[in-house]
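Note that the structure is predicted; figures quoted are calculated from it, not measured. In listed order, ligands and their atoms are each counted from 1.
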Amino acid sequence: MNPLRMIIMGAPGSGKGTLTSKLLKKLPQIHSLSSGDILRREMANGSEIGKMAKSYIERGDLLPDKFMANLIQAELEQQKWLDAKTSFLLDGFPRTGNQAIELESVLVPHNSDINMVIELDVPPEVILNRISNRWVHISGRVYNLEYNPPKVPFKDDITGEPLFKRPDDNPETFKVRLDKYFAELEPLREYYEKKGVYVKVSGETSDIIFPKLLSAVEAKVKSGL
Ligand code: ATP
Ligand code: MG
């Protein structure tokens, strides 16, 4: 059986993180990596990578393609996920056509390529509404004060540590991120449609999207890939 090599794409706040963690509960053999979570961890550690990322993230800008590709490659190698058996899902990378090309060149030497791309299609009005209610834990766990509140206000359910507000979750920066997402979507979609691996899942909430996502991934896994 070939491993699943999947990408989950969607506008900021479309539910990538939430849906990924739901999916991994059902399919625990899949590993996941979120580029935004890696960068936020580096920022919290005050590393050189974190310092470099900070100004971009606070402006809502994308980091350079090559820099991101190297970061993700290093992480995939360190986790030893590039072997022939490990199924993984990437959230937040690739984000541009160039990043998709970079990723392909990382996978090809391992006789592998992306075999499933999911686009989460959520109306922007719905997303804008959500974002002011989003609080996160440094692990990447996401809470929504309305739909998915923590058990103890402003504390992570698992560690009890404080939640924080992402510096880029303010209305101005958010708008920039949203525009950038839609500007990059078309080249990515074209790239993966040509490979025949592109699936779009639409809905207003994660509860509506999740069953569609799960059955698409399960069907893919059953197909032997
Ligand atoms: P969300 O986490 O709400 O789904 P998002 O996709 O905007 O939204 P992250 O993936 O967490 O957010 O990324 C946050 C920021 O990190 C981006 O705005 C960008 O500055 C930087 N970043 C993350 N991934 C990449 C990437 N692949 N290429 C360039 N910059 C990136
Ligand atoms: Mg995210």
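- Judged by distance alone, the side chain of Thr86 and the main-chain N or O of Asp83 form no donor-acceptor pair under 3.5 Å.
- Neither side chain, His31 nor Gln79, offers a donor N or O lying under 3.5 Å from an acceptor on the other.
- Shown here are the side-chain contact (heavy atoms from CB on, under 4.5 Å) partners of Ser206, two or more places apart in sequence or in another chain: Thr18, Leu19.
- Taking the charged nitrogens against the carboxylate oxygens, Asp156 and Arg141 do have a contact shorter than 4.0 Å, which makes a salt bridge.
- Residues lining ligand 1 at a heavy-atom distance below 4.0 Å are given as Pro12, Gly13, Lys16, Ser35, Gly36, Leu39, Arg40, Ile57, Asp61, Leu62, Leu63, Met68, Gly92, Phe93, Arg95, Gln99, Arg134, Arg166, Asp168, Arg177, ordered by chain and residue number.
- Every residue two or more places apart in sequence or in another chain was checked for a side-chain contact (heavy atoms from CB on, under 4.5 Å) with Pro162, and none qualifies.
- Partners of Lys51 according to the side-chain contact (heavy atoms from CB on, under 4.5 Å) rule, which considers only residues two or more places apart in sequence or in another chain, are Glu48.
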